[in-house]
There are 2 protein chains.
Amino acid sequence: MAKHSILETLNDSLRKDTLDEISTMRFPPGQVLFSAGEHCRGLPLVLGGSIKVQMTGVSGHGIVLYRMGADDICTLSIGCLMTGRGYRAEAVVEEAAEVAIIPKGLFDRLMDQSADFRLAIMESYGRRLDDLMLLVEEVAFHRMDERLEEWLLARATQGQRVLTITHQELGVELGTAREVVSRLLKELERRQQVKLARGKIELTGLVSGLTTA
Amino acid sequence: MAKHSILETLNDSLRKDTLDEISTMRFPPGQVLFSAGEHCRGLPLVLGGSIKVQMTGVSGHGIVLYRMGADDICTLSIGCLMTGRGYRAEAVVEEAAEVAIIPKGLFDRLMDQSADFRLAIMESYGRRLDDLMLLVEEVAFHRMDERLEEWLLARATQGQRVLTITHQELGVELGTAREVVSRLLKELERRQQVKLARGKIELTGLVSGLTTA
DNA sequence: TTGCCCTCTGTGACTTTATCACTGAAGCAA
DNA sequence: TTGCTTCAGTGATAAAGTCACAGAGGGCAA
């Protein structure tokens, strides 16, 4: 049964109706939930797993905009749902994900009848705007070596020691070219902070923050 | 009296209440409507003029995120309003602006009682997310000379022939350094596409698109 | 096992952009 | 005029993006 904190905002009656109307689906890694241009079928609630949202520019380059995990709402879908426009980005499952979709009719009803539901939706929107503003700042003003180290460090603190990712994919994460990633990683390897192998990056000695001082 | 398309979404009774409760204010160019860290006092409706929203990163650099004009809603404020967090960006008046502020209590009531009002708010959110996603792509993948020319061209098509702006300000528009803007403008002057003077840029012969081909 | 092929990685050469440091010009006010 | 402040121009250098290509790794079919 669907378990998502936004359901907690509903009173018993609405929650029951909602649980009756939605069904949860499971998606394997690599599955594309929606791609650019597609139309929106409802508001996806992420119950678990990890989904990345990325866009591909006119230049042909891609960049990861943000990730969604357990208890997240796919805020991006709301705009498409309300205006009928197609998605501008695509969503790809990273870790096997569980998703429930709230159909438009039900969404409208929940927005109408629950102030707490509205609040949760608005909060989600606010957070997403914040995320994107921070990303703009990051992309515009931060050095690529710092951004790469921060990205790796974030994985390291999640307990991951060996990452399975290609330089190309890492380039999309950071919005840069594969060659740039390769060169920066090689430099990190020279400093003994990582060990490289085809499709793998082993984190051996990343130092937070101070490596660029 | 306040004139804003979102008021059209309200029925007569709610509109009357709203008009009773809000008052419009005028702000001169340069006026700061809110700055980073400040808390939100209500949802601003832009009735006229032009307001730019920009943020300053940890790096100390600024970048213009988007602009608001007549009939816009300051979507950014909603998140702050609902969560109580401070603003992450600042809003500065460019052309003398007229603004009405919907206090939180009234906003909650309108969200509760008008489906059309909700729709308008959601649409506004959706558009803003789109804007920011496009900006990320722009900043990450487009060349600075193209972005500068596009920026100037947009002004040219608005009928402006002489822009009053410094290279520093133009740098903030594009999220780059003043020197970069100076050099690129100098190159455009060599190609007879602009004439430069202290604090002014005269657009003499900008060619759309093909200059970089 | 061998050979083939496709993907991934490494790297040189060059362009574009960012940063730093400094110079000089334009406007303003005492 | 002198002095001050802001704005613009530019050389030197570092970082990042682009292009082109070489070679390594790994899977798979013969």
Give the first and the last nucleotide of DNA chain D, reading 5' to 3', that has any atom under 4.0 Å from a heavy atom of chain B.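 Both ends considered, the range comes out as D:dT6 to D:dA12.
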Pairs satisfying salt bridge (charged side-chain N to carboxylate O under 4.0 Å, His left out), at least one member in residues 152-165 of chain A, at least two apart: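 Non-adjacent pairs meeting salt bridge (charged side-chain N to carboxylate O under 4.0 Å, His left out): zero.
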Can you tell me which residue pairs pass the salt bridge (charged side-chain N to carboxylate O under 4.0 Å, His left out) test with a partner in residues 86-106 of chain B, sequence neighbours excluded?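 Residue pairs passing salt bridge (charged side-chain N to carboxylate O under 4.0 Å, His left out), neighbours aside: A:D130-B:R88, B:R26-B:E98, B:R67-B:E94, B:K104-B:D108.
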Going by side chain to side chain contact (heavy atoms under 4.5 Å, CB included), name the residues that satisfy it together with [X], two or more places apart in sequence or in a different chain.
| X | value |
| --- | --- |
| A:P29 | A:A96 |
| A:K3 | none |
| B:H167 | B:R178, B:V181, B:S182, B:L185 |

Tell me, please, which residues at least two apart from [X] pass salt bridge (Lys or Arg N to Asp or Glu O under 4.0 Å).
| X | result |
| --- | --- |
| A:R118 | B:D112 |
| B:K186 | B:E189 |
| B:R147 | B:E138 |

Below the 4.0 Å mark, does C:dT9 have OP1 or OP2 next to a side-chain nitrogen or oxygen of A:R198?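 For A:R198, the contact criterion (side-chain N or O under 4.0 Å from OP1 or OP2 of C:dT9) is not met.
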Is any side-chain nitrogen or oxygen of B:H61 closer than 4.0 Å to OP1 or OP2 of C:dT19?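 Yes, within the criterion.
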Positions of residues 170-180 of chain A (non-hydrogen atom under 4.0 Å from DNA chain D), listed by number: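 Close to the strand are A:T176, A:E179, A:V180.
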Listing request: all side-chain hydrogen bond (donor to acceptor under 3.5 Å, both in side chains) pairs with a residue in residues 38-48 of chain A, at least two apart in sequence or in separate chains.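 Residue pairs with at least one partner in residues 38-48 of chain A: A:S35-A:E38.
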Can you tell me which stems DNA chain D forms when a stem means 3 or more consecutive Watson-Crick or G-U pairs under 3.5 Å?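 Counting only runs of 3 or more consecutive pairs, the stems involving DNA chain D are C:1-30 with D:1-30.
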B:K200 NZ to C:dG27 P, straight-line distance once rounded to whole Å: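 Going from B:K200 (NZ) to C:dG27 (P), I get 10 Å.
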